[in-house]
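First up is the structure itself, then whatever we jot down about it.
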Amino acid sequence: MEVALRMSDFPLLSLIIWLPVVGSLVLLALPRNDRLIRWFTLVVAVADFLVSLPLFFSFDKSFSGMQFVERHSWIKAWNISYFLGVDGISVLLVLLSTLITILCVLISWESVTEKVKEFHIALLLTSAAMIGVFCSLDLFLFYLFWEAMLIPMYLIIGIWGGPNRLYATIKFFLYTLVGSVLMLVGIIFLYLQAGTFNILEIMKLGLPYKFQFWLFWAFFAAFAVKVPMWPVHTWLPDAHTEAPTAGSVILAGILIKMGAYGFLRFSLAFFPVAAKSMMIPMLVLSTIAIIYGGIICLAQTDLKRLIAYSSVSHMGFITLGIFSLNGNAVEGAILQMINHGIVTGALFMCVGIVYDRTHTRAIKDYGGLATVMPVYAAFFMVFTLASVGLPGTNGFIGEFLVLLGTFTSKKWAAVLGTTGIIIGATYMLRLYQQVFFQEVNPKVAGLPDIKMREFIALVPMILLVLWIGFYPTPFLGFMHESVRSLLEHVHNASGDITPVSEIIKEGINVVIPS
Amino acid sequence: MEYVIWIPFLPLIAATITLIFGKWYIRKQAHWLPCIAVFGSFLLSFKALLDVIGGARANFDLYSWVIADTFHAAVGFQIDPLSVLMLAMVSFLSFLIHVYSIGYMEDDPGYYRFFAYISLFTFSMLMLVSANNFLQLFFGWEAVGLCSYLLIGFWYQKKSAADAAKKAFIVNRFGDFGFALGVFLVFLTFGSIYYEDVFARVHEIAHTTVNVLGVEVLLATLIAVLLFCGAMGKSAQFPLHVWLPDAMEGPTPVSALIHAATMVTAGVFMVCRCHEIFELSHVAMAIVAAAGMITCFMAATIAPTQFDIKRVIAYSTLSQLGYMFMACGVGAFAAGMFHLFTHAFFKALLFLGAGSVMHAMHHAPDPTDMRYMGGLRKYMPITFATFLIASLSISGIPGLAGFFSKDEILWLSFVSEYPWGKLVWFVGTVVAGLTAFYSFRVVFMTFFGEFRGKEVLHGHEPHESPSVMTIPLMILAVGAVVTGWLGVPHVLGGHNHFAKFLEPVLGHPHINLPYWLYGKKEWIELFLMAISVGVGVLGIAVAYVVYVKKPELQRLIPERYPALYRYLYNKWYWDEIYDATIVKPTFFTARSIVQGVVDSILIEGVVNGLPDLIRRGGESLRRLQNGVVQTYALIMATGAAVVLLLVYFF
């Protein structure tokens, strides 16, 4: 498939990526004045968001290829280039990243009090790396950003996290690394085959099925861990629980979207035949994630753990939509990536808000908060409803399109996935009742309602929830062309499918020659 | 007819403003905006009703809501006799309930919140009934679910209220699960979710079958049954009926809103709206009729055992909704809608009347317990008179609304082309007697005899409610009589305008009489009418004997058949059954299997075990490197020997 390019006169994407990096360098030089550091970081984050806004307004929705493209030769010997661009699949994720970074600064205003400078440097670097991941069109560059993001994230959890943070960070790091290493092998193999790291060139490669098969699973390892898909999800609850609020928000809001993005950008585009033949196992894993992740929420006694597990369930919807290979479902899945970033990010912010006041995450320590903090309760209610996919919120549009599309391609998967709407309502409303309704728990009596700063951080999220809920057209509009051309590429790809048993036999023969 | 968009949006605007500014700015004036907005909706609905009677129709999209790859749905409105009837009914009743609430909720700290929610509720229901596609229907469908959640749990400090709210939402979600799949199947089958496109092509699938788990099923059956799952949830039909009686935890005007105008009528409305699909499938029709009959009978057996005045009325709602589905299940959709319409008036009246009684009893620890009432007719004559009219109406006494609509259902089921028509008629007639009995049990226990609540009221006298509450009661009482006159059957010299009005949408049922009864049709109709009126009068008479003349008879059933009484008193144990078969096993699975074994032992075992294994492996291998040169020499020699041997032999 030929992907058209539309070069950019102005290095907009570079600016979005490198502005936070420059900001973090300036932070290094600033004096250790916490107030100054916070304000400076906020200014950088806001500036980055403003700089990214042209993506929203001047993106050409009728163009299916890459836009805002920048391309410079970088390491000539290996044919590596600094190659950036966005299409309808990645553009919203970039915008989400810049927005979430602002909110992370706001929400850490009072909760991070130690090593303030280092924290904000880590935050800005994470943001830059994440945006880099979504914009890279060169595999080498992509892998660089992909791994670079791990380091500041590791530090954020490991330094500013909860009591059990060391275990959580090591788990997070090893899990991710094991997956990424397999992908690295795949990337090197692809380079040897194609002679380039250019993603658009590799898409045209048309590898034989047996290669596609192995490479699909190698990339799967990296992405499945990030998403996280069942059964490689157990790093997520630990990481979320121990991470500071901003860390959780970034994890839920953007980091785990990188996995789903990887499936779309690489697994589907590079290995279309394998993606088609692996549809059933992928849908099975996704439905397990939806149901398993939902049911396990019913057993949680920790606020953050519950929301973390609910992410497993919600990400199940996203992978379900992606691998059902249906246009409606893939659009729903991409929208759901944004939605989940907004809603779960907001839920973690909400948890952070009460955690700052009570320093407990145990659900049983709460109760009657609706009486004590009515405004906060109203915010939390909206996000709860978005999380359970009530029509009129963004969650509904995404889930509905995913399930509708999946129903078109595989009915059983949609039927199983739809049970998620019952389970989702059960655990979220149960949580809401335990935290907000009934008698006021003496432990939370007299807590102050949300402050202006918290209010400002949450309002954009509410507006997005309702905007996408009632008028998703501007958002879905980004996707039509890119999704259509991606799925055309997948469905038109042909190749002889060899049975899995033979591929494995052959694989064993390669490793152990007889 | 673009003005119809304001019918739902006026209450939405009022609700939004009240919700945002109510707490700090509007406070005690919070009722004004919602009341005016809903009254505006009513006026516009009434105008729309007149326009539709004059022949106008409308079907337009306001804006595109969701546009995906091949899917398209808009926020759109379809104005035809069916929707305009619902619009007028919902907005009118909602307005009266708004006004009534000014008095009822007067001193509640959540005054503004209450008005915002009921306005939002009205908006949701109006969106639901005016939709021109399934997605907007689904929007309204879930939005009324949300509003009922907020309102049932209005006094959220009470655990029972919070539990009931959650239960209502989750039980409804079970129905929505089926409903969503039904919508998916509609889209997959017809490529569109607009009513217009779907119903125009519905005949194409008349003989299409699909394979479901190895069984060949008519596609129409599958669609209809899936959609009906949603109706069972919203309209509280067996087996998803368990949430409705608990919904009593909300303030009483909410009960009136849920039981009469909004929410529970949504299921009946949806079945009528999609009647073309249901009619293609005998199986689906049979399921609708069966769900209706079971609910109708079950609820009518539970109601006479309850002492909570609101609970009795709640079970009567279940039972009456059963009638509506019975009508749908024999193809008499217009009769179902007619009963929905009349029922809305007398049921709203019953609830608001009960609310008025509770207002009088509010010093009692449990103001809904009828055992502490009695003789209230002397203290609150207006409430009594209006409540009596509603009870007569629901009991099917000739001349009142309930009589006409119930008899239409019974008659049309008796002569129905469907083989289960006679059974429906039989169940309906038996329940008519039970209905009259338990309705007048309430009347006699509450308003007749001696007042039994002197002690619990601590010297307070029961009193009549303020006129802001009694005027809506009086208006509703008029409705509980005259709405029936819209559908006077031919045999009584009427023209049944109601069914005629709906005929363009709902068609008319096919009457199937044995040939030897041709010509005697009128006599049969009158005969059936006489039977049901007789049964109703008998029910009232029995209630009079048991609860006024010979109160000692009340102990007859509890003492003679204690097992039966307990069974009925405990609502056929459905809550307990669901708790044991669904709730407990789910939580057990969550805690002990998924969390306890799979996640923390199996998966985490591997995750934590693998590094452990590597570490231990490393530790044991490390021992080989012990630095003793002799050991290395020995290993080397052994290795060399093995290699040499291998080379020698192979």
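Hydrogens, waters and symmetry mates play no part in the numbers below; they use all other heavy atoms, side chains included.
A donor-acceptor pair under 3.5 Å is absent between the side-chain atoms of A:N328 and the main chain of A:L401, judged by distance alone. Proximity of a side-chain donor or acceptor of B:N133 to a complementary backbone N or O of B:A74 within less than 3.5 Å is detected. Counting only distance, with no hydrogens or angles, the side chain of B:K234 and the backbone of B:W141 share a donor-acceptor pair below 3.5 Å. Side chain of A:T406 to backbone of A:S324: no donor-acceptor contact under 3.5 angstrom is found. The backbone N or O of A:G327 sits nowhere less than 3.5 Å from a side-chain atom of A:R484 that would complete a donor-acceptor pair.
Both the backbone and the side chain of A:F470 come within contact range of chain B, each with at least one heavy atom under 4.5 Å from a heavy atom of that chain. Both the backbone and the side chain of B:I67 come within less than 4.5 Å of a heavy atom in chain A. Heavy-atom distances place no part of B:L19 under 4.5 Å from chain A, backbone and side chain included. When heavy atoms are compared at a cutoff of 4.5 Å, B:F587 approaches chain A solely by way of its side chain, counted from C-beta outward. Heavy atoms of A:P374 lying under 4.5 Å from chain B belong exclusively to its side chain. Residue B:V598 touches chain A through both its backbone and its side chain, counting heavy-atom pairs closer than 4.5 Å. In this structure, chain B has a heavy atom under 4.5 Å from the side chain of A:M381, while its backbone stays farther away. Residue A:I397 touches chain B through its side chain alone, counting heavy-atom pairs closer than 4.5 Å. Neither the backbone nor the side chain of A:F475 comes within contact range of chain B; no heavy atoms are under 4.5 Å apart. Both the backbone and the side chain of A:E439 come within contact range of chain B, with heavy atoms under 4.5 Å apart. Residue contact with chain A, scored on non-hydrogen atoms closer than 4.5 Å, involves the side chain of B:Y149 exclusively. Both the backbone and the side chain of A:V388 come within contact range of chain B, each with at least one heavy atom under 4.5 Å from a heavy atom of that chain. Both the backbone and the side chain of A:V415 have a heavy atom closer than 4.5 Å to some heavy atom of chain B. Only the side chain of B:F187 comes within contact range of chain A, with heavy atoms under 4.5 Å apart. Using a 4.5 Å cut-off between heavy atoms, B:I593 makes no contact with chain A at all.
Looking only at heavy-atom pairs under 4.5 Å with chain B, the residue among A:L298, A:I295, A:I296, A:L476 that has the most is A:I296. For chain B, the option among A:L174, A:L403, A:V483, A:L335 with the highest count of heavy-atom pairs below 4.5 Å is A:L403. Residue with the most contacts toward chain B among A:Y292, A:W235, A:Y471: A:Y292 (heavy-atom pairs, distance under 4.5 Å). Ranked by non-hydrogen atom pairs under 4.5 Å with chain B, the options A:G368, A:G392, A:C297, A:A370 are led by A:A370.
Between B:E249 and B:K158, at least one side-chain N (NZ, or NE/NH1/NH2) sits under 4.0 Å from a carboxylate O, which counts as a salt bridge. Ionic pairing of B:K159 and B:D163 is present here: one or more N-O contacts between side-chain nitrogen and carboxylate oxygen are shorter than 4.0 angstrom. In this structure, A:R305 pairs ionically with A:D238, as a charged nitrogen and a carboxylate oxygen lie closer than 4.0 Å.
Within 6.0 Å of atom CD in B:E604, more than 12 heavy atoms from other residues, nucleotides or ligands are found, so the atom counts as buried in its surroundings.
Note: B:F154 and B:Y117 have perpendicular aromatic rings, judged against thresholds of 30 and 60 degrees for the angle between ring planes. Relative ring orientation between A:F380 and A:Y432 is described as tilted, the plane-to-plane angle lying within the 30° to 60° band.
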